[in-house]
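In what follows, a structure is listed as C-alpha cells, so that the remarks can point back to it.
Chain naming here is simple, since letters A, B, ... match the order of the sequence lines and numbering starts at 1 in each.
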There are 2 protein chains.
Amino acid sequence: MDLAGVAGLLADGTRAAFCLALLDGRAWTANELARYAGVAPSTATSHLNLLVSGGLLVEERHGRHRYVRVADRRVVELIESLAALAPQGSARPRSLSASGRQQALARARLCYDHLAGAVALAITDAMIERGLLEWGPEPGLTGKGALWLAEAGITVPGGSRRPPVRACLDWTERRPHLAGAVGAALCAHALATGWMTRIGTTRALIVTPAGRRAWHDHLGLPPAEL
Amino acid sequence: MDLAGVAGLLADGTRAAFCLALLDGRAWTANELARYAGVAPSTATSHLNLLVSGGLLVEERHGRHRYVRVADRRVVELIESLAALAPQGSARPRSLSASGRQQALARARLCYDHLAGAVALAITDAMIERGLLEWGPEPGLTGKGALWLAEAGITVPGGSRRPPVRACLDWTERRPHLAGAVGAALCAHALATGWMTRIGTTRALIVTPAGRRAWHDHLGLPPAEL
DNA sequence: TGGACGCTTCGACGAACGTCGAAGGGACGT
DNA sequence: ACGTCCCTTCGACGTTCGTCGAAGCGTCCA
C-alpha cells in the first residue's frame with residue numbers, strides 16, 4: 001500500500017462518509033453505516049473490507065455483528081487534515097435519541113455483574129485519565145489504581161482465574177467499559193454502599209445523591225454527568 | 001470539493017509522486033515533474049490542473065514556464081499524514097545526487113519552517129538517542145526533551161493547534177526528521193543565533209563554526225558530521 | 001524573422017471502480 | 001428446530017478516470 005493507495009481509500013464518498021461517522025470514536029455495525037450512507041449492505045461490506053485491510057479501521061466480530069471503529073489516532077489526524085482542506089464543512093450529524101426507558105438503560109445498567117452505559121464509560125474514562133487503569137497492550141490496573149481501590153475500600157477477590165481487568169464492548173456507547181474482577185468488585189461496592197440502586201427489577205440503575213458525591217470525591221466526576 | 005474529492009486528488013500514483021517531489025518546498029516546472037514521474041507532458045498538465053484547482057498546489061507563470069509548489073503547510077501535513085499510514089510506499093524512485101547545489105541541499109536545507117537534510121537527520125537521531133524525543137506510537141517530546149529545550153533557550157509557541165512534534169519525510173535521506181512546532185522553533189533559534197545561515201536566497205543552509213560548537217555542546221554531535 | 005522550447009487542448013482508448021440484487025452462510029431468539 | 005436477522009459472496013452493469021499522440025498556441029533566443 002503506497003501513499004496513493006491510502007488516499008484512494010478515502011477518495012470515495014461512501015467510504016469518506018463511513019470514516020466521518022466513525023470519527024465519534026464509537027464502533028458502528030456494517031448495517032448502520034450502510035443505512036447512514038444510503039448504500040446497500042453488500043456495498044458497505046466491500047467498502048469495509050477495503051478500509052480494514054488498508055489499516056484505517058479495525059473490526060470486532062460479536063456474534064452476527066461486525067463492529068468497526070477507527071484504528072488509530074493517526075487515522076483521525078489524516079481525516080482531519082483532509083477535512084481542513086475541504087471547504088465543505090464536514091457536518092457532525094447523527095444524534096441517537098431513544099425512548100425514555102432505553103435512555104435510562106443507556107445511562108446506567110448492569111452488564112452481567114459490572115456497570116455499563118454512559119455512566120460506566122465516564123467512570124472508565126476517568127480511571128484511565130487518572131492513570132489508574134490501562135487498556136493496552138494488556139488491560140490491567142496500575143500501581144496507582146491498586147492504591148486507589150484500597151483507599152476507596154474496595155477489595156477484589158483473588159484466587160480465581162478471572163482476569164482482573166477486561167474490556168467489555170458497550171452496546172450503547174460502542175466503546176469498551178471496565179469489566180473483569182475489578183469491574184465486578186467496583187459494581188458490587190457501588191450497590192452495597194448505595195452509590196447506585198436498581199430501578200425495580202430491571203437492569204437499569206440510577207446514581208443516588210450519595211453516589212454522586214462519592215464519584216466526585218474519588219474520581220473527580222462532575223455530578224452533572226451522572 | 002468535499003473530503004473524498006481532496007483525497008481523490010492524492011489517490012493517483014502520478015499526482016502523489018508530484019506532491020512527494022514538491023515536499024522539498026521548491027517550485028518545480030511542469031516538465032520537470034512530468035519527467036520525474038515518467039508521464040507525457042499532456043498528462044502532467046491535466047494532473048497539475050486538478051491539483052491547482054483543488055487548492056493543493058499554487059502556480060506561478062513565468063514566461064513559458066509554469067512553476068508549481070505546495071500551497072500551504074496544511075497540505076504538507078496532509079501528505080505526511082498519508083505517508084505515516086503508508087509505511088513502505090514512501091520510497092522515491094529517483095536519487096538526487098547530482099550537482100553541487102543539490103549536494104548542499106542534501107546536506108542541510110529548509111523544509112518549510114524546519115530543518116531538513118543530513119544535518120537535520122543527525123540532530124533528530126541524537127535527540128532520540130538522548131531520550132529527548134520519541135516517534136512512536138505518539139510522536140512527542142519527553143520530559144527530558146522539554147527541559148533540554150528550556151536550557152537551550154528555545155521557546156515553543158503555544159496556543160496553536162499545531163502538533164508539537166511531527167515526523168516529516170526527508171526526500172534525500174528517506175527517513176523522517178523532526179517537524180512540527182518544536183522543529184520550527186529549533187530552526188528559528190538556529191537561524192536567529194547564527195548556528196546556521198542560508199546560502200544566498202536558496203533554501204540551502206550551512207552550519208557556522210558557532211553552530212558546530214553549539215550542536216556539540218547541546219547534543220554531543222561530532223563537528224565532523226556537520 | 002525563424003526556429004526551438006514549454007505548455008495546452010482535443011479525441012480516443014482501455015482499465016479500474018462503485019453500485020446493485022440475488023443467493024448463501026452463520027448466529028441468535030423463540 | 002424454525003424463522004429472523006446480519007453479513008458476505010458473486011456476477012453484471014455503467015461510469016469514471018488516467019493515459020497517450022497529434023496538433024496548436026505562446027514565449028524566448030539567435
Side-chain angles (χ1 to χ4, degrees), chain A residues 1-22 26-54 56-69 111-112 168-169 171-172 174 203, chain B residues 1-22 26-54 56-69 89 93:
Chain A
M1 177 77 60
D2 58 350
L3 191 145
V6 177
L9 291 175
L10 292 167
D12 174 73
T14 301
R15 287 195 295 269
F18 284 8
C19 291
L20 280 173
L22 289 164
R26 298 185 310 160
W28 292 50
T29 70
N31 232 342
E32 286 171 335
L33 289 171
R35 273 184 286 121
Y36 172 77
V39 295
S42 57
T43 305
T45 290
S46 71
H47 286 312
L48 290 180
N49 287 340
L50 292 174
L51 290 168
V52 169
S53 70
L56 269 63
L57 305 183
V58 290
E59 67 180 21
E60 258 174 78
R61 310 271 181 153
H62 281 240
R64 51 185 169 186
H65 296 276
R66 177 195 206 178
Y67 290 97
V68 292
R69 58 177 208 278
C111 175
Y112 296 93
C168 176
L169 191 65
W171 61 267
T172 50
R174 318 289 170 84
R203 300 204 320 263
Chain B
M1 176 76 61
D2 58 351
L3 191 145
V6 178
L9 292 175
L10 291 168
D12 174 73
T14 302
R15 288 195 293 270
F18 284 8
C19 292
L20 279 173
L22 290 163
R26 297 185 308 161
W28 293 49
T29 70
N31 236 339
E32 285 173 334
L33 288 171
R35 273 183 285 119
Y36 172 77
V39 294
S42 59
T43 305
T45 291
S46 71
H47 285 312
L48 290 179
N49 286 341
L50 292 174
L51 290 169
V52 169
S53 71
L56 268 62
L57 305 183
V58 290
E59 67 180 20
E60 264 175 71
R61 308 269 181 157
H62 280 87
R64 54 185 168 183
H65 295 276
R66 178 195 206 178
Y67 290 97
V68 292
R69 57 177 209 280

Q) Are side-chain heavy atoms of A:Leu20 and B:Leu3 found at a separation under 4.5 Å? A) yes

Q. Can you tell if the side chain of A:Leu10 reaches within under 4.5 Å of the side chain of A:Leu56, non-hydrogen atoms only?
A. yes

Ignoring hydrogens and angles, answer whether the base of [N] and the side-chain atoms of [X] contain a donor-acceptor pair closer than 3.5 Å.
X: B:Arg64; N: C:dC7; result: no
X: A:Ser42; N: C:dG21; result: yes
X: B:Thr29; N: C:dG6; result: no

Measure from the side chain of [X], starting at C-beta and using heavy atoms only, and say which of [options] lies closest.
X: A:Thr45; options: D:dG18, D:dC7, C:dG18; answer: D:dC7
X: B:Ala30; options: C:dC10, C:dC7, C:dG18; answer: C:dC7
X: B:His65; options: D:dT8, C:dG6, D:dT19; answer: C:dG6

**Q.** First encountered from the 5' end of DNA chain D, between A:Ser46 and B:Ala40
**A.** A:Ser46

Answer yes or no: does a side-chain N or O of [X] lie under 4.0 Å from OP1 or OP2 of [N]?
X: B:Arg61; N: C:dG6; result: no
X: A:Asn31; N: D:dC5; result: no
X: B:Thr43; N: D:dG18; result: no
X: A:Arg66; N: D:dT8; result: yes
X: B:His62; N: D:dC28; result: no

Q: Take the C1' atoms of the five end pairs on each side of the helix from C:dT1-D:dA30 to C:dT30-D:dA1, get both axes, and report the angle to 10 degrees.
A: 30°

(Q) Assuming nearest nucleotide by heavy-atom distance, tell me which of A:Gly63 and A:Arg15 is located more 5' along DNA chain C. (A) A:Arg15

Q. B:Tyr67 or A:Thr14: which one's nearest nucleotide on DNA chain C is closer to the 5' end?
A. B:Tyr67

(Q) Checking A:Arg64 now: which residues fulfil side-chain contact (heavy atoms from CB on, under 4.5 Å) with it, not counting sequence neighbours? (A) none

Q) Which pair of non-hydrogen atoms, one from B:Glu59 and one from B:Val52, has the smallest distance, and what is that distance? A) OE1-CG2, 4.0 Å

Q.
In this structure, how many angstroms lie between the C1' atom of C:dT19 and the CZ atom of A:Phe18, rounded?
A. 12 Å

